[in-house]
Amino acid sequence: WLKAQAPAPVNEVYAVIKGVMAMTQFRLLMLVVAVAMVFATEEKQRDNPIRKVVTMLQKMQATVEAEAKAELALFEKFMCYCKT
């Protein structure tokens, strides 16, 4: 009534191992795709139009402040010239 099972043929064992390896490769591929998507999302955030405008305004602010300092220096020289 109790029969001993024969060991699985070598081909079946290789088929199981092959299936496990295929699943592992699939999981690795999914991991690579997920990492690529994260990097693409970060790059898109850097290219965000609002971020571009804010960066442009910050650069303009720095330029205007530098010009204001130069203009103030020229004005002070002119006022000194007018007093003498």
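Since the structure is predicted, the reported quantities are computational estimates derived from the model, not experimental observations.
Applying the side chain to side chain donor-acceptor pair (under 3.5 Å) test to every pair with at least one member in residues 61-70, sequence neighbours left out, gives these pairs: Gln61-Glu65.
In this structure, Leu29 is a member of the same hydrophobic cluster as Met37, with clusters built from ILVMFWY side-chain heavy atoms closer than 4.5 Å.
Counting side-chain heavy-atom gaps under 4.5 Å among Ile, Leu, Val, Met, Phe, Trp and Tyr, the cluster of Met23 also holds Phe26, Met30. The hydrophobic cluster around Leu74 extends to none of the other residues, as no ILVMFWY side-chain heavy atom falls under 4.5 Å of it.
For Met60, the CE atom sits in a loose shell: 12 or fewer heavy atoms of surrounding residues, nucleotides or ligands are nearer than 6.0 Å. Other residues, nucleotides and ligands contribute more than 12 heavy atoms inside 6.0 Å of the CD atom of Gln58.
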